[in-house]
Asker: 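Below is a structure I'd like to ask you about.
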Amino acid sequence: MGWAIALHGGAGDIPRAMPPERLKPREAALHHCLQIGVDALKAGRPPLDVVELVVRELENNPHFNAGKGSVLTSNGTVEMEACIMDGNTKRCGAVSGLTTVKNAISLARLVMEKTPHIYLAFDGAEAFAREQGVENTDTSHFITPENIERLKQAKAANRVQIDFTQSTPKAGEKASVTALDSQDG
Amino acid sequence: TVGCVAVDGNGNLAAATSTGGLVNKMVGRIGDTPMIGAGTYANCYCAVSATGKGESIIRATVARDVAALMEYKGLSLNEAAAYVIEECAPKHTAGLIAVSAKGEVTMPFNTVGMFRACATEDGHSEVKIWPDE
């Protein structure tokens, strides 16, 4: 038995022809975040601290779909979600519908540790964040030019899409019933 | 979506997931990996964080099923995670990362790719995107 760590930055139809200028920063971020986690584990930090630390770092990286770099809703807004869980105690916390909280994962941990509940969403979650003094920022902080363009493309193709999936409809597809816009996913 | 799972040398486990959701999703949509038991779960057997199409992940209770297969059927972490991704989650919809209390790691997915990385105390380390790297 020994320590171990794994992390992800999203799954989907990631094109193998992804240009280096888009690929390299993501690979570098994975290396960087992995090293942060390894160092924390080697330093004896509890796994709960380690996963929060690493996810915060991933949230702060604009190349992944969380925190800064979150994809946009049909209204061009961000609504972020996060969840954290401790294996020993099964304590957990989750948040949804955040628009100003800089690191959703840390608010999820506060839900776990400071409330009798396990899930807060939208206005209630934002109010709890303010009450706890969690760092917040203007919504524009999260929105990147790349994601504005992705939303435009998704709207043009009439699609709802997962991380990194290309928005161009395949030949012969009816745009209105592709991908997630069908009700059964 | 981003996520991290970790276990220390004493078998203590934790999981975390964070996401912006889906491009062009409806305002008010809740349905992605932070749903406890669906996209994120941890107990004394394993810690799991999933990514992909949230609605499919919720329907398949991906994260909890990995733990349940280990607990009730005695599967290894690799077997449980592979079964859930290959047999339970619809094709092209999901991936997950998981660690066990014994320090095992697995990162299966049924999408084209998944940005992922892992490291273990014995010195193994990897950063990958596609399945055949």
Side-chain angles (χ1 to χ4, degrees), chain A residues 1-14 16 26-27 30-31 34 37-38 41 47-48 50-52 54-55 58-59 64-66 70-71 73-75 78-88 90 92 94 96 104-105 118 121 150-151 154-155 159-163 180 185, chain B residues 1-9 11-27 30 32 34-36 39-44 47 49 51-53 55-56 94-95 97-99 102-105 107 109 111-122 127 129-130:
Chain A
M1 188 162 19
W3 59 256
I5 184 171
L7 59 94
H8 69 76
D13 186 14
I14 304 169
R16 286 179 182 270
R26 289 170 172 85
E27 286 180 327
L30 291 174
H31 281 287
L34 183 63
V38 167
L41 282 167
L48 198 62
V50 174
V51 296
E52 180 188 2
V54 170
V55 168
L58 289 161
E59 287 176 335
F64 298 113
N65 175 24
S70 288
V71 297
T73 70
S74 56
N75 283 1
V78 291
E79 290 184 350
M80 298 170 287
E81 306 180 296
C83 177
I84 193 165
M85 188 162 186
D86 176 51
N88 275 346
K90 291 188 183 174
C92 51
S96 282
I105 195 64
I118 61 171
R150 290 178 73 189
L151 177 62
K155 279 180 173 289
R159 293 184 76 156
V160 178
Q161 62 193 41
I162 63 175
D163 297 10
L180 253 192
Chain B
T1 306
V2 304
C4 181
V5 293
V7 59
D8 66 15
N12 299 304
L13 292 147
T17 313
S18 183
T19 186
L22 299 165
V23 181
N24 202 23
K25 67 180 179 181
M26 291 176 68
V27 171
I30 293 175
D32 231 313
M35 295 292 285
I36 299 155
T40 306
Y41 192 75
N43 64 7
C44 60
S49 171
T51 176
K53 194 183 290 184
E55 283 78 357
S56 297
I97 55 171
V99 293
K102 296 176 181 174
E104 301 157 314
V105 180
M107 303 188 289
F109 53 96
T111 53
V112 171
M114 179 169 77
F115 290 103
R116 62 199 191 278
C118 70
T120 57
E121 188 168 349
D122 63 10
V127 174
I129 302 171
W130 297 283

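A note on names: the letters A, B, ... follow the listed sequences, proteins ahead of strands, and every chain is numbered from 1.
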Asker: Quick check for you: among B:Gly103, B:Gly11, B:Gly9, which has the greatest number of heavy-atom pairs under 4.5 Å with chain A?
Answerer: B:Gly9

Asker: What part of A:Leu151 is in contact with chain B, defined as an atom under 4.5 angstrom from a non-hydrogen atom: side chain, backbone, both or neither?
Answerer: both

Asker: With respect to chain B, which residue among A:Thr73, A:Val51, A:Ile84 yields the maximal number of heavy-atom pairs within a distance under 4.5 Å?
Answerer: A:Val51

Asker: Heavy-atom distances under 4.5 Å only: say whether A:Val78 touches chain B with side chain, backbone, both or neither.
Answerer: neither

Asker: Can you tell me which portion of B:Val127 sits under 4.5 Å from chain A's heavy atoms? Options are side chain, backbone, both or neither.
Answerer: side chain

Asker: Looking only at heavy atoms and a cut-off of under 4.5 Å, which of A:Ala104, A:Cys92, A:Ala121 has the most pairs with chain B?
Answerer: A:Cys92

Asker: In terms of side-chain heavy atoms, does A:Glu81 have a donor or acceptor partner in B:Thr19 at a distance below 3.5 Å?
Answerer: no

Asker: Side chain of A:Trp3, backbone of B:Ala119: donor and acceptor closer than 3.5 Å?
Answerer: no

Asker: Using modelled atom types only, decide if a donor and an acceptor are shared between the side chain of B:Asn24 and the backbone of A:Arg159 within a distance under 3.5 Å.
Answerer: yes

Asker: Taking A:Gln161 for the side chain and B:Val23 for the main chain, is one N or O donor matched with an acceptor at less than 3.5 Å?
Answerer: no

Asker: With chain A as the partner, which of B:Ala15, B:Ala47, B:Ala98, B:Cys44 has the greatest number of non-hydrogen pairs under 4.5 Å?
Answerer: B:Ala15

Asker: Given side-chain contact (heavy atoms from CB on, under 4.5 Å), test A:Asn65 with B:Val2 step by step and report yes or no.
Answerer: CA-CA 7 Å; A:Asn65 175 24; B:Val2 304; over 6 Å; no

Asker: For each of B:Glu104, B:Met114, B:Lys102, tally heavy-atom pairs with chain A at distances under 4.5 Å, and name the one with the top tally.
Answerer: B:Met114

Asker: Could you tell me if the side chain of B:Asn12 sits less than 4.5 Å from the side chain of A:Pro47, heavy atoms only?
Answerer: yes

Asker: Carefully, step by step, assess A:Glu79 and B:Val27 under the rule side-chain contact (heavy atoms from CB on, under 4.5 Å).
Answerer: CA-CA 8 Å; A:Glu79 290 184 350; B:Val27 171; 3.2 Å; yes

Asker: Return the option, out of A:Ser70, A:Ser96, A:Ala6, with the maximum number of heavy-atom pairs under 4.5 Å with chain B.
Answerer: A:Ala6

Asker: Does the side chain of B:Cys118 come within less than 4.5 Å of A:Leu7's, by heavy atoms?
Answerer: no

Asker: Between B:Asp8, B:Val99, B:Ile129, B:Asp122, which has the largest tally of heavy atom pairs under 4.5 Å with chain A?
Answerer: B:Asp8

Asker: Closest heavy-atom contact between A:Ala11 and B:Thr111?
Answerer: CB-OG1, 3.5 Å

Asker: Between B:Ser49 and A:His8, is any side-chain donor less than 3.5 angstrom from a side-chain acceptor?
Answerer: yes

Asker: Distance-only, no hydrogens or angles: does the B:Ser18 side chain make a donor-acceptor pair with backbone N or O of A:Ala66 under 3.5 Å?
Answerer: no

Asker: Atom CD1 of A:Ile14 and atom CZ of B:Phe115: how far apart are they, to the nearest 0.5 Å?
Answerer: 4.0 Å

Asker: Is there a side-chain contact (heavy atoms from CB on, under 4.5 Å) between A:Val71 and B:Leu22 once you walk through the steps?
Answerer: CA-CA 6 Å; A:Val71 297; B:Leu22 299 165; 5.5 Å; no

Asker: Side chain, backbone, both or neither: which part of B:Val105 has a non-hydrogen atom closer than 4.5 Å to chain A?
Answerer: side chain

Asker: Considering only heavy atoms, which portion of A:Leu34 lies under 4.5 Å from any heavy atom of chain B: side chain, backbone, both, or neither?
Answerer: side chain

Asker: Who wins among B:Ala14, B:Gly3, B:Ala94, B:Gly95 for the most heavy-atom pairs under 4.5 Å with chain A?
Answerer: B:Gly3

Asker: Heavy-atom distance under 4.5 Å between the side chains of B:Asn43 and A:Lys90, does that happen here?
Answerer: yes

Asker: Check step by step if side-chain contact (heavy atoms from CB on, under 4.5 Å) holds for A:Asn75 and B:Met26.
Answerer: CA-CA 8 Å; A:Asn75 283 1; B:Met26 291 176 68; over 6 Å; no

